[in-house]
**Student:** 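My questions will all concern the structure given below.
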Amino acid sequence: MPRLTIAIDGPAGSGKSSVARRAATLLGYKYLDSGAMYRALGLKALERNLALNDETRLKELAEETHIELKPPTPELEAAGCKNCVFLDEREVTREIRTAEVAAAASRLATIAGVRRVLVAEQQRAGAEGGVVMEGRDIGTVVFPNAELKIFLDASPEERAERRWKEHQEKGDRLTLVEVFDEVIERDRRDRERKVSPLVRAADAVLVDNTAMDVEETARLIVMLAREREKESPVTQKRV
Ligand code: CDP
Ligand code: CDP
């Protein structure tokens, strides 16, 4: 079977990471979380107290930073981590999952120079196909020729509640209203930015999983992927 490139984009809490990871496991594909790269860079900018609107400095920061995504260790997997994230060789998998880091990531993600650096990394990482990559601009910018594009969505209330539950489980004492406001503000910034805004690609399948769990959504994507694998020119040449 040909090994496809699958792009999953959507707003915060729509289930991209969980669904992409599960679909990748079912398909035997590699899973890549592009948002983790923006988060890792956001963490570094916060630690250095950099102004999050200093475009030149943040672009330089992106250029001098090494971010690596690896499959989770059994310990991190048990703690609910979908992959291991290394920032300049330091493991930051859990540190990047705070609301503060998410907000910093979405601010530096508005800078064209920063995006250029991270997009090039993502294209390198997924160049061989057999990959499920998720983010905001995967189907529109990173892999515009992906064989399968999904725009994953869920109601804002459902998305905020999902994220709030995760914070609760980690012991973060944020209220549901605080999480709702953070998610909505980040979505607004992601949708309204000039460079690579969050938008559904014209050829992306819209999947609203408000009333679906991770397993159901992942299996729907696997079904669509199997269909695309059969339609692929490589397969058709063989039959
Ligand atoms: O990556 P993204 O922000 O789009 O979402 P996620 O981190 O995959 O999902 C946020 C939370 O919602 C996780 O705890 C998932 O297990 C949960 N979720 C769910 O309950 N039902 C779904 N259909 C999708 C995700
Ligand atoms: O998990 P969640 O959906 O909340 O966010 P994420 O995927 O970890 O991404 C964090 C932030 O990085 C987003 O709010 C975007 O601003 C940015 N991002 C982006 O601009 N482009 C991507 N391909 C992925 C993330």
Side-chain angles (χ1 to χ4, degrees), residues 8-21 24 30-52 54 57-111 114-115 117-122 125-126 132-138 142 159-160 162-174 178-179 181-183 185-187 189-190 193 196 198:
I8 303 185
D9 292 301
S14 58
K16 300 178 300 298
S17 310
S18 333
V19 168
R21 179 172 173 252
K30 190 156 75 169
Y31 158 62
L32 289 168
D33 172 5
S34 68
M37 301 176 79
Y38 289 91
R39 283 176 182 259
L41 197 62
L43 174 65
K44 188 166 174 177
L46 287 174
E47 286 176 343
R48 296 195 170 190
N49 273 322
L50 297 181
L52 294 169
D54 185 342
R57 184 66 198 100
L58 290 166
K59 176 181 160 277
E60 282 167 10
L61 188 76
E63 284 165 347
E64 68 200 30
T65 298
H66 181 235
I67 300 166
E68 216 180 331
L69 307 177
K70 290 187 185 167
T73 58
E75 187 212 350
L76 283 167
E77 186 152 26
C81 297
K82 279 112 192 163
N83 56 20
C84 265
V85 186
F86 289 86
L87 171 62
D88 297 324
E89 326 307 330
R90 179 179 127 220
E91 201 259 303
V92 294
T93 312
R94 272 174 283 200
E95 258 176 280
I96 61 168
R97 298 290 156 197
T98 66
E100 194 193 7
V101 171
S106 97
R107 289 190 58 192
L108 50 83
T110 62
I111 301 170
V114 167
R115 300 199 71 87
V117 176
L118 296 191
V119 166
E121 283 288 320
Q122 291 151 15
V132 185
M133 189 178 292
E134 50 99 357
R136 301 293 186 291
D137 60 342
I138 309 304
V142 181
R159 294 189 289 105
R162 288 175 182 172
R163 199 33 57 83
W164 177 70
K165 280 189 188 149
E166 287 183 323
H167 284 301
Q168 293 278 100
E169 278 160 23
K170 284 191 293 178
D172 296 346
R173 300 202 3 235
L174 293 165
E178 281 168 336
V179 175
D181 289 349
E182 186 271 321
V183 162
E185 170 58 15
R186 195 146 54 89
D187 282 351
R189 201 181 292 128
D190 289 345
R193 69 180 174 224
S196 313
L198 169 65

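Numbering of residues begins at 1 and proceeds along the displayed sequence. Keep in mind that the numbers below use all heavy atoms, side chains included, and drop hydrogens, waters and symmetry copies.
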**Student:** Should K70 and N83 count as side-chain neighbours, where that means a heavy-atom distance under 4.5 Å?
**Tutor:** no

**Student:** Check this for me: E75, atom CD, are more than 12 non-hydrogen atoms of other residues, nucleotides or ligands nearer than 6.0 Å?
**Tutor:**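 Not buried by this count: 12 neighbours or fewer within 6.0 Å.
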
**Student:** Roughly how far, to the nearest 0.5 Å, is the CD atom of E95 from the CG atom of L46?
**Tutor:** 11.0 Å

**Student:** Tell me if the CD atom of E63 is crowded by more than 12 foreign heavy atoms within 6.0 Å.
**Tutor:** yes

**Student:** Can you name the closest pair of heavy atoms from A45 and L108 and give their distance?
**Tutor:**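 The answer is CB-CD2, 4.1 Å.
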
**Student:** At their closest point, which heavy atom of E182 faces which heavy atom of A103, and how far apart are they?
**Tutor:**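 So the two residues come closest at OE2-N, 4.3 Å.
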
**Student:** Just to verify, what does T93 make a side chain to side chain donor-acceptor pair (under 3.5 Å) with, not counting sequence neighbours?
**Tutor:** E91

**Student:** When you compare the side chain of S17 with that of Y31, does any pair of heavy atoms fall below 4.5 Å?
**Tutor:** yes

**Student:** Which pair of non-hydrogen atoms, one from T65 and one from I67, has the smallest distance, and what is that distance?
**Tutor:**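 Where T65 meets I67 most closely, the heavy atoms are CG2-CG1, 3.7 Å.
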
**Student:** Show your working on side chain to side chain contact (heavy atoms under 4.5 Å, CB included) between L50 and L58 and close with a plain yes or no.
**Tutor:** CA-CA 8 Å; L50 297 181; L58 290 166; 4.2 Å; yes

**Student:** Given side chains that start at C-beta, do those of H66 and E68 come closer than 4.5 Å, heavy atoms only?
**Tutor:**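 Yes - at least one pair of side-chain heavy atoms lies under 4.5 Å apart.
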
**Student:** Quick one: pull up CG in D181 and CZ in R186 and give me the separation to the nearest 0.5 Å.
**Tutor:**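 The distance works out to 13.0 Å.
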
**Student:** Is there a side chain to side chain contact (heavy atoms under 4.5 Å, CB included) between R189 and T110? Walk through the geometry before answering.
**Tutor:** CA-CA 8 Å; R189 201 181 292 128; T110 62; 4.1 Å; yes

**Student:** Are T73 and E77 side-chain neighbours, meaning at least one heavy-atom pair lies under 4.5 Å?
**Tutor:** no

**Student:** Regarding D9 and R136, does a basic nitrogen lie under 4.0 Å from an acidic carboxylate oxygen?
**Tutor:** no

**Student:** Is it true that a side-chain atom of K16 and a backbone atom of P11 form a donor plus acceptor pair closer than 3.5 Å?
**Tutor:** yes

**Student:** Report the C-alpha distance between S14 and R159 in whole Å, list the side-chain angles of each, state the deciding distance to 0.1 Å, and finish with yes or no for side chain to side chain donor-acceptor pair (under 3.5 Å).
**Tutor:** CA-CA 6 Å; S14 58; R159 294 189 289 105; over 6 Å; no

**Student:** Could you please spell out the steps behind the salt bridge (Lys or Arg N to Asp or Glu O under 4.0 Å) verdict for E166 and R162?
**Tutor:** CA-CA 7 Å; E166 287 183 323; R162 288 175 182 172; over 6 Å; no

**Student:** Do any side-chain atoms of residues 32-43 form donor-acceptor pairs under 3.5 angstrom with protein atoms, and if so which ones, sequence neighbours left out?
**Tutor:**
from : atom 1 : to   : atom 2 : distance (Å)
D33  : OD1    : G35  : N      : 3.1
D33  : OD1    : A36  : N      : 3.2
D33  : OD2    : R97  : NH2    : 3.1
S34  : OG     : E134 : O      : 2.7
Y38  : OH     : R115 : NH2    : 3.2
R39  : NH1    : I96  : O      : 2.9

**Student:** Do P72 and R21 have side-chain heavy atoms sitting under 4.5 Å apart?
**Tutor:** yes

**Student:** Quick one: does D88's side chain get under 4.5 Å of R90's, heavy atoms only?
**Tutor:**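 A side-chain contact under 4.5 Å is absent here.
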
**Student:** Are any side-chain N or O atoms of K59 and backbone N or O atoms of V117, one a donor and one an acceptor, separated by less than 3.5 Å?
**Tutor:**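 Such a contact is absent between K59 side chain and V117 backbone.
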
**Student:** Please report the closest heavy-atom contact between D137 and V119, naming both atoms and the distance.
**Tutor:** OD2-CG2, 3.9 Å

**Student:** Mind checking whether R48 and R57 have side chains closer than 4.5 Å, heavy atoms only?
**Tutor:**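 Contact flag for R48/R57 side chains = yes.
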
**Student:** Does the side chain of D190 come within less than 4.5 Å of S106's, by heavy atoms?
**Tutor:** yes

**Student:** Restricting to non-hydrogen atoms, name the atom on V179 and the atom on A160 that form the minimum distance, rounded to 0.1 Å.
**Tutor:** CG1-O, 3.6 Å

**Student:** Identify whether the distance between the nearest side-chain nitrogen and carboxylate oxygen of K44 and E47 falls below 4.0 Å.
**Tutor:** no

**Student:** Taking all atoms of both residues into account, what is the closest heavy-atom pair of E178 and R173, and its distance?
**Tutor:**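 Looks like OE1-O, 4.3 Å.
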
